[in-house]
Amino acid sequence: MARYEPKTIEPKWQKRWLESGIFKTPLTPGGKSKFYILDMFPYPSAAGLHVGHPEGYTATDIIARMKRMQGHVVLHPMGWDAFGLPAENYAIATGVHPAQTTAQSIAAFKRQIQSLGFSYDWEREIDTTNPNYYKWTQWIFLQLFKKGLAYEAHVPINFCPSCRTGLANEEVHQGGCERCGSAVIKKNMRQWMLRITAYAERLLQDLERLDWPESTLAMQRHWIGRSEGAEIEFRVARFELRVSVFTTRPDTLFGATYLALAPEHPLVDQITSPSKKTAVEAYCQEAQLKTDMERTQVAKEKTGVFTGAGAINPVNGETIPIWVADYILPHYGTGAIMAVPGHDQRDYEFAKKMNLPIKPVARPLEGEAIFERAFEEDGIAINSGEFDGLTTADFKKRMVEWLSKKGVGRPRVSYKLRDWVFSRQRYWGEPIPVVHCQGSCGGVVPVPESGLPVALPDVSRYQPTGTGDSPLSLIESWVKTKCPVCGSAAERETNTMPQWAGSCWYYLRFVDPYNDQAPWDQELQKIWLPVDLYVGGAEHAVLHLLYSRFWHKVLFDLGLVSTIEPFMKLRHQGMILAYSYQDKLGVYHGYDEIDVKDSKAALEATGEELSSRIEKMSKSKKNVVNPDEVIKQWGADTMRLYEMFMGEFELSKPWDMRSIEGVHRFLLRVWRLFDKQTPSLEFQVPSSKSPANTQRPAPSADANLRVRHRTIKLVTERIENFKFNTAITALMEYVNALTAKGAAREDLATLCILLSPLAPHTSEECWEMLGEAPFVSLAPWPVYDEELAVEEKLAIAVQINGRVRETLTLNAGSWTQDQIAAMARENPKIAKYLENAKIQRVVYVPGKIFNFVVANPAVVSE
RNA sequence: GGGUGGAUGGCGGAAUGGUAGACGCUACGGACUUAAAAUCCGUUGGCCGCAAGGCCGUGAGGGUUCGACUCCCUCUCCGCCCACCA
């Protein structure tokens, strides 16, 4: 009797898979259908793998393995998104070169990932910090530059004083730095920007083609933030100046009672009247000093200051005051608005506070107007002269036409999306491959392709300077160079690219990772793209997934890729949470009953109890589960199976150490079915009921035919549809049936194949025990017969008015409605309900339900 | 405030118009054992009942339907994302 020892069999098969090269993807699919299945590659942190990582990796591995066995040629690679701040911050603290820590982290991550037995083609491994890789990241940047999509700008940007670097709009959350949480300040700095706004419309439109989660599509739509409306020009009274405003409600123009400009608006200085100058300047300066965080926190109370100037409403000639208010964002629309307090809640609040008039210009379609707050819905125009009575939608159109005709307005579409701040004043990133020529070129000169990669030099100190220059600026020998065009003295660009650069195109490099002539081969790109299935965390919904779509579209326009979208189907894994046990004082004690046993016992004396909650895993809550320990205790297959068994893939769910034992027991039961030395379970223990202590004879191949076919069907469909938890329950039921009834060789072979994507090591070992040739991983996936995949016995529920009163058990076959009806009527339990009852109709769902709808069911009392 | 998911036994969850609670965990009872562990068998939503059986039950309330966890309306609570975007 061989024991089930994951510790022995798992490394054994991992070694065999690697040595035999069975998971190596050929250069091309060679006439077969391709399947490109990709994980969001990880940032290899020093903390090691989190149990959340393997959830997605296991899912893709299961599908990759099944697809491979179904005859597809599968591209399933893995790599490392290795530039980033943690390694750099560690370097600042210790002086250890980030390349060194990164290499260590990659090695640790790789060991952990490999210990789970994923079927990656490791020969295609990518590391974004490898010069052979980032050479091409820089090359793509130069293509963007040549197309005018990368440009230098001196604009106020979000700057994190703690990380001492500029940030992209997408990296700021509620006014704070995404990474460290510090309040972000505005800083005017020279920046490299990418013109992502030029692609706003296409990034929005093409979302419709994608099989992505609705929430992610919604986030991208929201982030792009398209609004249709109009730009309207107001003359400034007593000046030869005009102020343009953007509005989505041109129909409310009659209701504009003031104009508001952002404090940063360029006209503020020009129009402010002398008597207001001091107050306005003070207000604008204060707004400048406020961080975004403060500016939004104070958002509840509107503030502003009157400029003393007036604007003339083009539609009725009324003069309305111009205010400055910091609830107007400088970078959206025109940085100025026409305020309509009657129909915009923010303007309403401002008007109330400043005692400005509120003029309703629309009424609800039905009911009375109540003006305790702004009426923001669509309605019917009032107080709007000749336009009275128009619906909001019609009025919008008419007003835009009118404005266009008069030359004081035009239709306009605005986007919330802003250009991507692409430079970082940090060390551990790809150098931006340009030089600043001090000679006749006099400006930015791209490094020619022959000069790539612009290698990241070693530095003596990694500390960001905080002055807007990266640590690279301190290496004079590196900074001082010659202009590649005119040969004059030149300085290298010292900013580096953001974390997101490398991940913008890695899926392309996987199709051709060793190419040193081009980032990828044209033919190979045509063959393998797009990525058929992409799996990773939802936290990248607007960062990585938007940036890489943008790059992909640029590459498409350059003729370098032939699909307009990179990732056709996307799924996110749900977050893995954990129990945390906390005492009255708020001290955390661990993540499961065993872990907190001692604490519990100690508290028992005082009568105090630990409260448990489901929360995100974090060190401070002492509820972080270490994958290494899980594998050590239970084995990789149990870990894989448990991660999939926990619940719906896309939902968050808590880790429960008690439940993991259940799937482990399942593997033990599987093992015993195969292990010839082990007596069949029922006879292992002699009992009075079954005295024979003998091996149960194997049943005929047909004995479990139906359950076998049904299991094939269920497992296949459920894996295909990401229902891994119920794919496992189907296998559990099959194993329970085989344990009870005995298993034919066909059953064992089928079980082994079906289980192999989920628990590959155990399956390989069982396959070997069956005496089959090596590698169940290469076995063809079984097909099922639809007719055989139904139960042998039909159970038809017979209902009276929708309530089940009896179940008829019949042999599978074609039964007519009349036959079923006759049997149901004859059934005594049903008959007693039908006595004296008037049957109005019957509903028959073949093979499932037979329902008598009766007017006056007999009252059955016992 | 906007978006997007979710709420089902003691617990994790199954069932997307057709027998609610599959599968797993826990607990209890039994077998085996000197004993324990492991393993196996049985029970395990609630209430009434010796039983047969009946009634109630999927966050709350209403609706559609022969039939609703599932569809529609109203509401409550929770997660995640975004948020003064005119």
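Just the heavy atoms: all of them, side chains too, but no hydrogens, waters or symmetry mates, feed the values below. Computed from a predicted structure; not experimentally measured. Note on naming: letters A, B, ... go to the chains in the order of the sequence lines (proteins, then strands), and numbering restarts at 1 for each one.
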[atom2] on [Y] to [atom1] on [X], rounded to 0.5 Å:
{"X": "His572(A)", "Y": "Leu545(A)", "atom1": "NE2", "atom2": "CG", "value": "6.5 Å"}
{"X": "Thr257(A)", "Y": "Met338(A)", "atom1": "OG1", "atom2": "CE", "value": "10.0 Å"}
{"X": "Thr638(A)", "Y": "Ile660(A)", "atom1": "OG1", "atom2": "CD1", "value": "6.5 Å"}

Legend entry - Modelled atom types, side-chain donor and acceptor of Ser580(A) and Glu615(A), under 3.5 Å: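 Yes.
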
Legend entry - Side chains of Tyr547(A) and Glu170(A), donor plus acceptor under 3.5 Å: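 Yes, side-chain donor-acceptor contact under 3.5 Å.
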
Considering only atom [atom1], compute the distance from [N] to [M] and round it to an integer number of Å.
{"N": "G5(B)", "M": "G57(B)", "atom1": "C1'", "value": "25 Å"}
{"N": "U58(B)", "M": "G63(B)", "atom1": "P", "value": "15 Å"}
{"N": "U76(B)", "M": "G13(B)", "atom1": "P", "value": "25 Å"}
{"N": "U44(B)", "M": "G29(B)", "atom1": "C1'", "value": "11 Å"}
{"N": "G12(B)", "M": "A27(B)", "atom1": "C1'", "value": "16 Å"}
{"N": "C50(B)", "M": "C41(B)", "atom1": "C1'", "value": "25 Å"}
{"N": "C84(B)", "M": "U16(B)", "atom1": "C1'", "value": "40 Å"}

With the side chain of [X] defined as its heavy atoms from C-beta on, choose the nearest nucleotide among [options].
{"X": "Ile337(A)", "options": "C25(B), A86(B), C84(B)", "value": "A86(B)"}
{"X": "Leu329(A)", "options": "C40(B), A86(B), C56(B)", "value": "A86(B)"}
{"X": "Ala218(A)", "options": "C84(B), C40(B), U4(B)", "value": "U4(B)"}
{"X": "Trp223(A)", "options": "G5(B), C40(B), A83(B)", "value": "A83(B)"}
{"X": "Thr807(A)", "options": "A86(B), C66(B), U19(B)", "value": "U19(B)"}
{"X": "His173(A)", "options": "A86(B), C82(B), C55(B)", "value": "C82(B)"}
{"X": "Glu214(A)", "options": "C81(B), U19(B), G5(B)", "value": "G5(B)"}

Legend entry - Syn-anti status, with the boundary at 90° from 0, for the nucleotide G9(B):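 That one's syn.
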
Over how many whole Å does the gap from [X] atom [atom1] to [N] atom [atom2] extend?
{"X": "Asn169(A)", "N": "C82(B)", "atom1": "CG", "atom2": "C1'", "result": "12 Å"}
{"X": "Lys829(A)", "N": "G54(B)", "atom1": "NZ", "atom2": "P", "result": "8 Å"}
{"X": "Trp212(A)", "N": "G5(B)", "atom1": "CH2", "atom2": "C1'", "result": "18 Å"}

Inset, instruction - Quick one, give me the B/S/- string for nucleotides 10-18 of chain B, reading 5' to 3', where B means a protein heavy atom under 4.0 Å from the base and S means that only happens at the primed atoms, P, OP1 or OP2. - result: -SBSS---B

Inset, instruction - Report yes if the distance between the aromatic ring centroids of Phe350(A) and Tyr258(A) is under 6.0 Å, otherwise no. - result: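 Ring centres of Tyr258(A) and Phe350(A) closer than 6.0 Å.
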
Legend entry - Validation row, ring centre Tyr642(A) to ring centre Trp655(A) under 6.0 Å: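 Yes, they do, as the ring centres are separated by less than 6.0 Å.
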
Legend entry - Lys848(A) atom NZ, neighbour heavy-atom count above 12 within 6.0 Å: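 Atom NZ in Lys848(A) is not packed in, count stays at 12 or less.
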
Inset, instruction - State whether the side chain of Asp637(A) and the backbone N or O of Leu667(A) hold a donor-acceptor pair below 3.5 Å, judged by distance alone. - result: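 A pair under 3.5 Å: no.
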
Legend entry - Over-ring placement of Arg373(A) relative to Tyr348(A), 6.0 Å and 45° cut-offs: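 No.
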
Legend entry - Positions of residues 243-252 of chain A (non-hydrogen atom under 4.0 Å from RNA chain B), listed by number: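 Contacts with RNA chain B under 4.0 Å: Phe246(A), Thr247(A), Thr248(A).
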
